[in-house]
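Per chain, numbering begins at 1; letters A, B, ... match sequence-line order. Every value quoted in this text rests on a predicted model; they were computed, and no experiment measured them.
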Amino acid sequence: MDILNREFYSRNSDKVAKELLGKLLVRKVRDRFISGFIVETEAYFDKDDPASRAAQNGRTEMTEAMWGEPGTIFVYMVHGHWMFNVVTDEKDKASAVLFRALKPLDGIDFMRSNRNKKDIRELCSGPGKLTQAFDIDKSFNRKNICELKDLSITDYNFKNFELGRSKRVGVSEDLDEPMRFFVKDSKFVSR
DNA sequence: ACACTGATTAACT
DNA sequence: GTTAATCAGTGTG
C-alpha cells in the first residue's frame with residue numbers, strides 16, 4: 001500500500017476526485033492507526049467556478065493553500081465544522097478536491113469517542129463528520145499530504161464498485177458537468 | 001457588531 | 001422522512 005505521490009494530484013481535479021474513490025485515508029495518532037475508504041468526493045475549480053472559495057473570497061490568508069503545490073492540504077471552516085480538501089492540478093491553479101464521506105475501517109472506537117456516536121454510519125458520512133472522527137483541523141492547513149507521517153492517502157485497488165455522479169451538495173448555481181463522485185449504493189455516503 | 005457559509009443535530013411528524 | 005436551532009471563523013461596515 002503505497003502513499004499516493006505528487007503526480008497523482010497533478011491532474012484535473014475531476015479526474016483526481018474520481019480516482020480517489022476506493023483509496024484509503026490513513027491517520028496516525030500516537031500509537032493508534034485510523035483509516036477509512038474514500039466513498040464520496042467533490043471537485044472544485046479555479047476559474048468559472050462560483051462555488052469555489054477561490055472565486056468567492058479571492059486569494060486571502062485563509063484561502064492561500066488553494067494556490068499551493070498539488071497535494072497541499074486545504075482546511076477551512078464552515079458552519080462550525082472543518083472541511084478537508086487536497087489541492088490538485090498545478091501550482092497557482094487553485095483547484096481542489098473536497099472529501100465528503102468515508103467508510104470507516106480501522107480505529108472505529110477512536111472515531112466513536114471523537115464523534116460521540118455509536119452508529120457506524122454516523123461516523124464519517126459528511127465532510128464535517130469525517131474531520132471530527134479523524135481529528136483533522138486547521139493545523140494541517142498548507143501542509144502537503146505526500147510528506148506527512150500522521151496523515152496520508154494510500155493506494156488500494158478497491159475497484160468493485162459502481163461510480164455515481166451528481167451535482168455538488170449545497171451549490172445553487174452548479175456547473176453543467178456533475179462534479180460530485182460517490183460509490184453507488186454505499187451506506188456511508190452523506191445524506 | 002453583524003451577516004455570511006459547501007453542515008450537523010435533536011426533535012419532531 | 002422533514003424541519004429549526006446552532007456551530008465558529010471570516011469578511012464587511
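Within 6.0 Å of CG on N116(A) lie no more than 12 heavy atoms contributed by other residues, nucleotides or ligands.
Put simply, the side chain of E69(A) never gets that close to the backbone of E90(A): no donor and acceptor are under 3.5 Å apart. At least one donor-acceptor pair under 3.5 Å links the side chain of N5(A) to the backbone N or O of F8(A). Under a 3.5 Å cut-off, the side chain of R27(A) and the backbone N or O of G36(A) do not form any donor-acceptor pair.
Between D89(A) and R11(A) there is no salt bridge, since no side-chain N of the basic residue sits under 4.0 Å from a carboxylate O of the acidic one.
Remark: L98(A), R100(A) in residues 89-109 of chain A come within less than 4.0 Å of DNA chain B through at least one heavy atom. Contact check of residues 176-190 of chain A against DNA chain B (heavy atom, cut-off under 4.0 Å) returns no residues at all.
For dT9(B), one of the phosphate oxygens OP1 or OP2 lies less than 4.0 angstrom from a side-chain nitrogen or oxygen of R115(A). Taking side-chain N and O atoms only, K129(A) has a distance below 4.0 Å to OP1 or OP2 of dT9(B).
Results of the side chain to side chain contact (heavy atoms under 4.5 Å, CB included) test with F181(A) over T41(A), V16(A), I38(A), V97(A) single out T41(A) as the only residue that passes.
For N141(A) and dG9(C), the CG to C1' distance is 12 Å, given to the nearest whole Å.
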Run the numbers on E42(A) and R180(A) for side-chain contact (heavy atoms from CB on, under 4.5 Å), then give the verdict. CA-CA 4 Å; E42(A) 280 178 6; R180(A) 170 173 174 251; 3.6 Å; yes

Apply side chain to side chain donor-acceptor pair (under 3.5 Å) to the pair R53(A) and T63(A), showing each step before the final yes or no. CA-CA 7 Å; R53(A) 274 287 185 279; T63(A) 58; over 6 Å; no

For DNA chain C, just give me the dot-bracket, please: Watson-Crick or G-U, both distances below 3.5 Å, ( ) intra-strand, [ ] crossing earlier pairs, | paired with another strand, . unpaired. ||||||.|||||.

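In terms of position on DNA chain B, the residue among G170(A) and K117(A) whose nearest nucleotide sits closer to the 5' end is G170(A).
Heavy atoms of N85(A) sit under 4.0 angstrom from at least one base atom.
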So which protein N/O to nucleotides 11-13 of chain C N/O distances come out below 3.5 Å?
| from | atom 1 | to | atom 2 | distance (Å) |
| --- | --- | --- | --- | --- |
| dG11(C) | OP1 | T60(A) | OG1 | 3.3 |

Where do N or O atoms of nucleotides 2-8 of chain C meet protein N or O atoms at under 3.5 Å, pair by pair?
| from | atom 1 | to | atom 2 | distance (Å) |
| --- | --- | --- | --- | --- |
| dC7(C) | O2 | H79(A) | O | 2.9 |

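Among residue pairs with one or both ends in residues 18-44 of chain A, those qualifying as ring-ring contact (aromatic ring centres under 6.0 Å, His included) are F37(A)-Y156(A), F37(A)-F158(A); sequence neighbours excluded.
In this structure, R6(A) fails the cation-pi test against Y9(A), since its NZ or CZ atom is not both closer than 6.0 Å to the six-membered ring centre and inside 45 degrees of the ring normal.
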